[in-house]
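Quick note on labels: first sequence line is chain A, next is B, and so on, each numbered from 1. Heavy-atom basis, side chains included; hydrogens, waters and symmetry copies ignored.
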Amino acid sequence: MDIKELYHTLLDHFGYQNWWPVDLEYHKKHHLDPKDEVIIGAILTQNTSWKNVEKALSNLKNNNALSLKAIKHMDIELLKELIRPSGFFNRKAEILKQISTMDKKPSRDKLLSIKGIGKETADSILLYAYHEPFFVIDAYTKRIIFRLFGYEFNEYDEYASFISSHIEKDVDIYKEFHALIVAFAKNYCKKTPDCNRCILKDRCLQNLYQHKS
DNA sequence: CTCCAGGAAACAG
DNA sequence: CTGTTTCATGGA
C-alpha cells in the first residue's frame, strides 16, 4: 500500500469529513471574516477535543466576539472566561491576543514566532484558513505512518516531506487527507489499536508477519 | 528527556 | 457508578 492508496481507501470508507464548515451566511450577516473562526478554532483545539472547542466558540459567538478584531479589543479576563471550556484558557487567551494583532496574512515563520503556536498549529492555520498547501502532521499521522509503513522520523518536517512527496500538492487533498487520518486513528488505529475490525488490517505492516488466517 | 498548562468527554472496571 | 485516560499541543 502506498500513500495515495491510503488516502483513497480512507476517503471511500469515511467520506468527505467537511472540516471547518464555516457558516458563510452568518459571517456575512455579522461582517465577520471566515478565516478568523478557523484561526481561533485551530488555537482552541490544541490538545483538546473538538466538542469542548465548540462550546468555547459558541460562547464567543454569543458575545459577538468571533473575530480577531473583537478579541484584540476585549478584556483578556473576559476572553479567558469565554474560552474556558476548551481548556488551557490562560495560555490560549494569550495566543489569541497575540495573533489578533497581526492583520495581514502571516507567514509560517511569523506564526511560529508566536509563543504557543508550533508547527502543527501554524500549518493548520495556513492550510485550513489561508488554503495554502502545508500538510498538517499530528500525533495520529506519526502513529499511522509508523504502524502502516514502518517509518519513524525525528523531525516534524520529515513526516511532512514523506507525505508530500507521495501525493499531489493539492490544498483540497491536504485538507481532506489530514481529516481522514484523524478519523481513521480515532476509530481504528487508536493508542491501543483495534486491529481485528480495522479496515486496513490486511495491508498493515503490523499484521503482515502474523498470518493469523 | 520529563513535566506542566485545565477542562470536559470518553473510557475502563 | 467512580477513577483514569485522552484530547484537531507547545514550551519550559
For a quick test of reading the model: is some side-chain N or O of A:K191 closer than 4.0 Å to OP1 or OP2 of C:dT6? yes
Quick one, which residues of residues 38-57 of chain A touch DNA chain B with a heavy atom under 4.0 Å? A:N47, A:T48, A:K51, A:N52, A:K55
Could you pull out every donor-acceptor pair under 3.5 Å between side chains of residues 29-45 of chain A and any protein atom, sequence neighbours left out?
| from | atom 1 | to | atom 2 | distance (Å) |
| --- | --- | --- | --- | --- |
| A:D33 | OD1 | A:K35 | N | 2.9 |
| A:D33 | OD2 | A:K35 | NZ | 3.4 |
| A:D36 | OD2 | A:L68 | N | 2.9 |
| A:E37 | OE1 | A:H27 | NE2 | 3.0 |
| A:T45 | OG1 | A:T48 | O | 3.1 |

Selection residues 12-23 of chain A - residue pairs positive for side chain to side chain donor-acceptor pair (under 3.5 Å), sequence neighbours left out: A:H13-A:Y188
Sorted by chain and number, sequence neighbours left out, ring-ring contact (aromatic ring centres under 6.0 Å, His included) with A:F135 holds for A:Y174, A:F177
One should read off an interatomic distance between A:L6 CG and A:I167 CD1, to the nearest 0.5 angstrom, of 8.0 Å
Write down the distance separating the P atoms in C:dT2 and B:dG6, rounded off to the nearest Å. 27 Å
Partner residues of A:H8 under the ring-ring contact (aromatic ring centres under 6.0 Å, His included) criterion, sequence neighbours left out: none
Show every donor-acceptor pair shorter than 3.5 Å between a side-chain atom in residues 113-121 of chain A and any protein atom, with sequence neighbours excluded, or say none if there are none.
| from | atom 1 | to | atom 2 | distance (Å) |
| --- | --- | --- | --- | --- |
| A:S113 | OG | A:K110 | O | 2.6 |
| A:K119 | NZ | A:D157 | OD2 | 3.0 |
| A:T121 | OG1 | A:Q46 | NE2 | 2.9 |

5' to 3' contact window, DNA chain B with chain A (heavy-atom distance under 4.0 Å): B:dA5 to B:dA10
How would you list all residue pairs meeting salt bridge (charged side-chain N to carboxylate O under 4.0 Å, His left out) that involve residues 182-192 of chain A, not counting sequence neighbours? A:K190-A:D194
Non-neighbouring partners of A:Y159 that pass ring-ring contact (aromatic ring centres under 6.0 Å, His included), sequence neighbours left out: A:F153
Taking only residues at least two apart or on different chains, which pairs with a member in residues 56-69 of chain A satisfy side chain to side chain donor-acceptor pair (under 3.5 Å)? none
Test salt bridge (charged side-chain N to carboxylate O under 4.0 Å, His left out) applied to A:R143 - qualifying residues, sequence neighbours left out: none
From CD of A:E120 across to P of C:dG10 the rounded distance in Å is 5 Å
Of A:R91 and A:W20, the one whose closest DNA chain C nucleotide lies more 5': A:W20
Please state the P separation for the pair B:dC3 and C:dT5 - nearest whole angstrom. 14 Å
Take atom C1' in B:dC1 and the same atom in C:dC7, then report the distance between them in whole Å. 23 Å
Look up atom NZ in A:K169 and atom OG in A:S164, then write down how far apart they are to the nearest 0.5 Å. 7.5 Å
For DNA chain B, the residues among residues 169-190 of chain A that have a non-hydrogen atom under 4.0 Å from it: none
